[in-house]
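In listed order, ligands and their atoms are each counted from 1.
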Amino acid sequence: MIIACCTDLAGKVRGKAFPATQFEKRTRRGVGWTPTNVQITCFDAIADSPFGSLGDLVMIPDEAARVRVDLGGDAGVEHFALSDIRHLDGRPWELCTRSILKAALDRLERVAGLGLFGAFEHEFQFADRGGVVGSAYTIGGFRTERRFAESLIGAMRAAGLDPDTFMKEYGAGQYEVTMGPARGVAIADHSTILRELVQALSEREGRHATFTPIRDPAGVGNGAHIHLSFLDHAGKPATWDPKGKHEMTRTAGQFVAGILKYLDSIVAITAPSVVSYLRLTPHRWSAAFNNLGFRDREASVRICPVSDLSDVAKAAQFNFEFRAADSAASPHLQLAAIVNAGVQGIEEGLEVPEATEEDLSLLDAPALAARGYVRLPQSLGQALERFQSNPTVVGWFPEGFADVYVKHKTGEIAFLEGKEQQEVCALYEATY
Ligand code: GLU
Ligand code: MG
């Protein structure tokens, strides 16, 4: 069987399976889908839904996003196709994350004549084994999970992803996996596929891998770092300008400026869980302010290094990284929010931002404000408030999206009310 599926507001991949022999037919007819499903939170409660029991949709699987990987052993074959959700008359559904991303990418093409090229870098933790003390970045830490890593790299390749690196990260049982860049909607598709492969392989071995934004506030978080650059119509890199500020083209600089200007209003989408805000705090190498960092790992957007040693041209190496994101989100929605913010920056003709090389947490509020920095929201509730009250940001999304999104997340927050922080962390660890 094959599952037609799509990432949703909860950052879950939901869908419906059918015999693979029907695939071709289903790429035209789709499989039936229900609007209220989008209000199922990551804890399986149904948030306030404007749709109730009404309505019908179709999910149309995309051949280009079809994955068939034999995981071996009892696990058998992992077979799914990422899909678009449409109304019965064929219009994209307003809550379809993949269609929302496609619209954002069209806007980038329309406004700047650019295509997006990039990759998600993922951190996750094995929750089933206590972290081995002294294993951060070590060969021993890698050795512990070599078998898993070898399976994952093979599965990524079979799924059409371009495996890059796998390493023991700093945190307890924490690993990081990277992949080569893809174009457009495939950037988010590949992130979705990677997360599913990690989950499928760990389930096969009776393991528990978690992408939760943070397991324990005393430890480090699991980030999703989104590397981005642009391609022009000829498919040539169009982000690097050796004479530009921070070596960015003016357009790339304005795109980054847009991200930073609207960041506090989009983190509700890029870092969308209650515990995401335990991670977005200073001194965790995540992101706490709307700053650009030049090779600084404590910035929301970081200009990544280019090396003279590489056989890849600098123009092709050059990229920037969005760090205020985690894997509790739909990668399609994350990318849509970032792209829309960036294009907004281009449209507004914003100045290319300065880069920080200091600890912003040492500045008080007036000093921050004088330099145009804001502390990012410190709770999901605050983040939703900023999202909802920014008409520009709300306007990037289809009619009704913001209202449904806020209701969804309000339902998620309500489910956790009265629970201790430890229990809240444990619930997120279980669901992601
Ligand atoms: N774990 C950090 C985060 O939450 C990132 C560490 C790194 O720079 O790789 O984003
Ligand atoms: Mg890392």
So which protein heavy atom does atom 4 (O) of ligand 1 come closest to, and at what separation? R279 NE, 2.7 Å

Nearest-contact summary for atom 8 (O) of ligand 1 - protein heavy atom, Å: R323 NH2, 2.8 Å

Atom indices of ligand 1, in the order listed, that fall short of 4.0 Å to a heavy atom of E176: 9 (O)

If you look only at pairs with a residue in residues 340-349, which of them pass as a salt bridge (charged side-chain N to carboxylate O under 4.0 Å, His left out), with sequence neighbours excluded? R107-E347, K261-E348

Check: V220 N/O within less than 3.5 Å of ligand 1 N/O: no

Of all N/O/S atoms in E176, which lies nearest to the Mg ion (ligand 2)? OE1

Please report whether the ring centroid of F126 lies less than 6.0 Å from that of F124. yes

Centroid-to-centroid, F397 to Y405, below 6.0 Å? no

Backbone or side chain, does E121 get an N/O/S atom under 2.8 Å to the Mg ion (ligand 2)? no

Under 3.5 Å, is there a donor-acceptor pair linking the side chains of R215 and T212? no

Kindly give the atom name of the N, O or S atom of E123 closest to the Mg ion (ligand 2). OE2

Among E123, E121, M167, the residue with a heavy atom nearest to atom 6 (C) of ligand 1 is E123

Considering both backbone and side-chain atoms of R297, is one of its nitrogen or oxygen atoms within less than 3.5 Å of a nitrogen or oxygen in ligand 1? no

Atom 9 (O) of ligand 1 sits nearest the protein heavy atom E169 OE2, 2.9 Å

Taking the N/O/S atoms of E169 one by one, which is nearest to the Mg ion (ligand 2)? OE2

Quick one: does R284 get an N or O within less than 3.5 Å of an N or O on ligand 1? no

Taking 4.0 angstrom as the limit and counting only heavy atoms of W285, give me the atoms of ligand 1 inside it, by number and element. 2 (C), 3 (C), 5 (C), 8 (O), 10 (O)

Hey, are S151 and R147 close enough side-chain-wise for a donor-acceptor pair under 3.5 Å? no

Give a yes or no on whether the ring-centroid distance for F415 and F43 is below 6.0 angstrom. yes

Parallel, tilted or perpendicular, judged at 30° and 60°: which one describes the rings of F166 and F142? perpendicular

Relative to the ring of F255, is the ring of F320 parallel (under 30°), tilted (30 to 60°) or perpendicular (over 60°)? tilted

Sub-6.0 Å ring centroid separation between Y175 and F148: no

